[in-house]
Amino acid sequence: MFQDFKSQIIEREGTLFPSSSYRQMVLQPAYDEAKKHFLKSMVHIHIAHLKMLEEQQLVAAEEAKQIGRALAKLDLDDFGQRDYNPQFEDLFFRIENELIQLAGDAAGNLHIGRSRNDMGIAIYRMTLRKKLLSLMEELLSLRSSLIAFAKEHVDTIMIGYTHTQQAQPTTFAHYLKAVIDQLTRDFTRMQAAYATINQSSMGAAALTTTGFNINRQRMKELLAFDGIIENAWDAVAGADYIAEAASVVQLAALNLGRTSQDFLQWATQEFNAISLASPYVQISSIMPQKRNPVSIEHTRSLLSAVVGDASTVLQMIHNTPFGDIVDTEDDMQPYLWRAIERLRGIYQLFGSLAVTMEVNKEQLLKRAENSFANVTELADSLVRSENISFRQSHRIVSSCIKKLLAANKTSLQSLTWEVVNEVTQELTGKALQISKEQFDHALQPEYFVKVRSLQGGPAPETMHNSLLEAQSTATLLEQWVKEKNERIVDCEVQLQQFLEGWVK
């Protein structure tokens with residue numbers, strides 16, 4: 001019985017490496033991802049390493065030319081089209097074989113003082129840094145869109161909510177600036193993740209460096225890394241660079257997801273605060289009146305998918321040995337790439353739907369004018385006019401609201417000077433000193449917002465200054481991303497020049 005079962009497995013899987021299922025589940029997907037993402041980075045490492053070996057006199061100048069000419073003949077487009085070949089374990093060995101075919105045994109010296117281990121980590125880091133920079137560019141684009149959007153709504157009065165209940169009047173710009181500041185922190189975290197990612201593993205070799213006199217500093221410079229992972233074990237074993245990136249991306253998705261939830265609620269007919277432009281709504285197949293804000297729904301669900309992919313990365317690292325191991329390599333990397341790419345697309349979508357939506361200013365103002373959310377300023381005003389403590393003032397206003405609600409009076413217009421005067425006399429034995437004009441003024445949402453002019457408040461002038469500062473910061477953030485991209489490009493140009501020099 002067992003022998004029959006074993007024979008069936010062997011017939012299906014084969015007797016040579018790789019087995020059918022191993023190829024299908026592991027090697028083929030890994031090869032497809034490698035040829036899509038790693039070809040250029042791998043060749044750049046080959047060029048940089050060859051140049052370093054030549055400078056260190058570990059290969060002769062003529063031998064370097066021989067290998068360099070072979071590198072120049074590699075047809076990367078052709079490699080990108082080729083299917084997995086079981087003759088070669090992975091893309092590295094396939095390219096190495098091609099180089100040996102082109103340059104002879106001399107090409108074998110290209111591997112002096114290095115391993116697939118330090119090469120692989122360097123390739124992962126070079127790939128990830130570009131993807132992260134692309135994400136950061138899109139984040140800054142969304143941030144700039146929201147700054148422009150907020151400038152249009154500095155005077156758009158709305159109610160702010162705490163614990164899902166009406167709390168205090170504020171402005172739509174004040175809400176948006178909070179989202180902008182959160183995006184800025186997301187960017188700062190991405191900067192920190194980039195600093196962790198952009199460190200060179202080259203020279204660590206398999207685990208313990210090498211006995212050859214290679215130059216790790218030179219490899220760092222040639223490949224546009226900002227630093228070197230000093231400990232060779234750490235260089236090939238450390239996975240916290242990808243865990244940090246996953247955590248940052250996950251948090252950024254969680255942050256924007258909360259805003260998406262707010263927007264979805266505000267788009268309901270009952271709330272009637274925002275209305276999406278036609279390109280971002282879909283209709284019902286049966287209900288003619290429907291304008292479904294599905295772009296926000298998709299945004300929210302896709303952000304959850306980003307969180308899930310990032311969580312997968314962290315789970316795959318969990319409880320793995322601290323050494324070179326595939327759990328933290330080929331199988332795991334695509335989950336983070338997908339999370340980054342998806343979040344980048346969501347940033348673009350969210351910025352587009354936000355700046356094109358209509359905001360129902362009149363409805364928001366009307367709701368604020370009729371809401372008891374204004375009474376915090378009344379309590380503040382009574383402290384000034386009645387010479388009482390805030391706690392006592394709070395008790396007076398709170399008692400008034402409870403009294404009105406008990407009488408089923410829910411409009412702010414029912415909170416009159418006379419009602420407050422009556423309760424004040426009951427609680428303090430004194431009549432109100434505040435004039436009716438001052439009283440009415442204290443209950444206006446525009447006044448509520450205007451007097452909150454402290455740093456971080458919603459007062460129009462304060463908000464204008466805050467948005468101007470955010471806009472000025474945008475230039476610095478954009479310059480940071482530009483400089484990082486330019487350094488990578490400059491190094492790639494230099495590597496190409498080295499290649500051309502060998503070919504001459």
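We use all heavy atoms of the structure for the numbers below, so side chains are in, but hydrogens, waters and symmetry mates are not.
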Could you walk me through whether Asp327 and Met316 pass side-chain contact (heavy atoms from CB on, under 4.5 Å), step by step? CA-CA 6 Å; Asp327 303 58; Met316 290 178 77; 5.6 Å; no
Criterion side-chain contact (heavy atoms from CB on, under 4.5 Å) on Arg291 and Ser278, from CA distance to verdict: CA-CA 9 Å; Arg291 291 185 82 255; Ser278 294; 3.9 Å; yes
Step by step, would you call Leu364 with Thr156 a side-chain contact (heavy atoms from CB on, under 4.5 Å)? CA-CA 8 Å; Leu364 289 173; Thr156 301; 4.1 Å; yes
Evaluate side-chain contact (heavy atoms from CB on, under 4.5 Å) for Tyr194 paired with Val481, printing each intermediate quantity in order. CA-CA 10 Å; Tyr194 184 90; Val481 174; over 6 Å; no
Quick one: do Arg338 and Glu341 satisfy salt bridge (charged side-chain N to carboxylate O under 4.0 Å, His left out)? Show the steps, please. CA-CA 5 Å; Arg338 183 169 59 191; Glu341 185 59 28; over 6 Å; no
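Without hydrogens or angle criteria, Asn465 side chain to Thr462 main chain gives no donor-acceptor distance under 3.5 Å. Counting only distance, with no hydrogens or angles, the side chain of Gln199 and the backbone of Ala195 share a donor-acceptor pair below 3.5 Å. Between the Asp90 side chain and the Phe93 main chain, a donor and an acceptor come within less than 3.5 Å of each other. The main-chain N or O of Ile159 is never found under 3.5 Å from a side-chain atom of Gln166 such that the two would form a donor-acceptor pair. Side-chain N or O atoms of Asn97 include none that pairs as donor or acceptor with a backbone N or O of Phe88 at under 3.5 Å. Looking only at distances, no side-chain donor or acceptor of Thr268 sits under 3.5 Å from a matching main-chain atom of Leu264. Remark: side-chain polar atoms of Thr320 are paired, donor with acceptor, to backbone N or O of Ile317 under 3.5 angstrom.
Between Lys36 and Glu33, no side-chain nitrogen of the basic residue sits less than 4.0 Å from a carboxylate oxygen of the acidic one, so the salt-bridge criterion is not met. Using a cut-off of 4.0 Å between Lys/Arg side-chain N and Asp/Glu carboxylate O, Asp262 and Arg258 are scored as not salt-bridged. Under 4.0 Å is where a charged nitrogen must lie from a carboxylate oxygen, and between Arg116 and Glu89 at least one such pair does. Between Asp226 and Arg487 a salt bridge is recorded (basic side-chain N to carboxylate O distance below 4.0 Å). A salt bridge links Arg189 with Asp186: at least one charged nitrogen is closer than 4.0 Å to a carboxylate oxygen. Electrostatic pairing of Glu297 and Arg300 does not count as a salt bridge here, judged by no charged N lying under 4.0 Å from a carboxylate O.
Nearest heavy-atom pair, Phe350 versus Ser260, reported as atom, atom and distance to 0.1 Å: CE1-OG, 3.7 Å. The two atoms that bring Val449 and Pro458 nearest to each other are CG1-O, 3.5 Å, heavy atoms only. Ala239 approaches Thr328 most closely through the heavy-atom pair CB-CG2, 3.8 Å. Between Leu336 and Ala245, the shortest heavy-atom contact is CD2-CB, 3.8 Å. Considering every non-hydrogen atom in both Ile296 and Leu353, the closest pair reads CG1-CD1, 4.2 Å. For Thr210 against Gly113, the heavy-atom pair with the smallest separation is OG1-CA, 3.6 Å.
The environment of Trp480 atom CH2 is dense: over 12 non-hydrogen atoms of other residues, nucleotides or ligands sit within 6.0 angstrom. The local environment of CZ in Phe212 is sparse, with at most 12 non-hydrogen atoms from other residues, nucleotides or ligands closer than 6.0 Å. Annotation: Tyr335, atom OH; neighbour count of heavy atoms from other residues, nucleotides and ligands within 6.0 Å does not exceed 12. Crowding of Glu469 atom CD: a count of heavy atoms from other residues, nucleotides or ligands under 6.0 Å not exceeding 12.
Two residues are said to be in side-chain contact when any heavy atoms from C-beta on lie closer than 4.5 Å; Leu223 and Cys491 fail this criterion. Residues Arg342 and Tyr347 fail the side-chain proximity criterion, which asks for heavy atoms closer than 4.5 Å. Gln250 is listed as a side-chain neighbour of Ser311, based on a closest heavy-atom distance under 4.5 Å. Using a 4.5 Å cut-off on side-chain heavy atoms (C-beta onward), Leu133 and Ile488 make contact. A 4.5 Å side-chain heavy-atom check between Leu99 and Leu110 finds at least one atom pair inside the cut-off. Put simply, the side chain of Leu39 reaches to within 4.5 Å of the side chain of Ile95, judged on heavy atoms. Looking at heavy atoms from C-beta onward, Leu71 lies in side-chain contact with Ile47 at the 4.5 angstrom threshold. Looking at heavy atoms from C-beta onward, Arg82 lies in side-chain contact with Phe79 at the 4.5 angstrom threshold.
Counted by atom type alone, Lys151 and Gln471 present one or more donor-acceptor pairs between their side chains at under 3.5 Å. Side chain to side chain, Ser20 and Glu13 fail the donor-acceptor criterion of an N or O pair below 3.5 Å. Between the side chains of His49 and Arg218, not a single donor N or O lies within less than 3.5 Å of an accepting N or O. Looking only at atom types and distance, the side chain of Ser201 has no donor-acceptor partner in the side chain of Arg125 under 3.5 Å away. The closest side-chain donor-acceptor pair between Gln28 and Asp83 falls under 3.5 angstrom. At a cut-off of 3.5 Å, with distance as the only test, no side-chain donor of Glu329 or Gln333 sits close to an acceptor on the other residue.
Note that NE2 of His153 is 12.5 Å distant from CD1 of Ile157, once rounded to the nearest 0.5 Å. From Asp155, atom CG reaches atom CE of Met463 across 11.0 Å, with rounding to the nearest 0.5 Å. Distance check, rounded to the nearest 0.5 Å: CG of Asp118 to CZ of Arg216 gives 8.0 Å. Taking CD1 of Ile229 as the reference point, atom CE of Met202 lies at 11.0 Å (rounded to 0.5 Å). Expressed to the nearest 0.5 Å, how far CD1 of Ile123 lies from NE2 of His37 amounts to 13.0 Å.
Relative ring orientation between Tyr175 and Phe172 is described as parallel, the plane-to-plane angle staying below 30° on a 0-90° scale split at 30° and 60°. The aromatic rings of Tyr31 and Tyr84 sit perpendicular to each other, their planes meeting at more than 60°, with 30° as the lower class boundary.
Taking the ring axis of Phe271 as reference, the NZ or CZ atom of Arg367 stays within 45° of it and closer than 6.0 Å to the ring centre. Note that Lys51 lies in the cation-pi zone of Phe498, set by a 6.0 Å cut-off to the ring centre and a 45° limit from the axis. No cation-pi contact links Arg94 to Phe92, judged by a cut-off of 6.0 Å to the six-membered ring centre and 45° from its axis.
Under the side chain to side chain donor-acceptor pair (under 3.5 Å) criterion, Lys130 pairs with Glu492, not counting sequence neighbours.
The six-membered or imidazole ring of Trp337 lies near that of Phe38, with a centre-to-centre distance under 6.0 Å.
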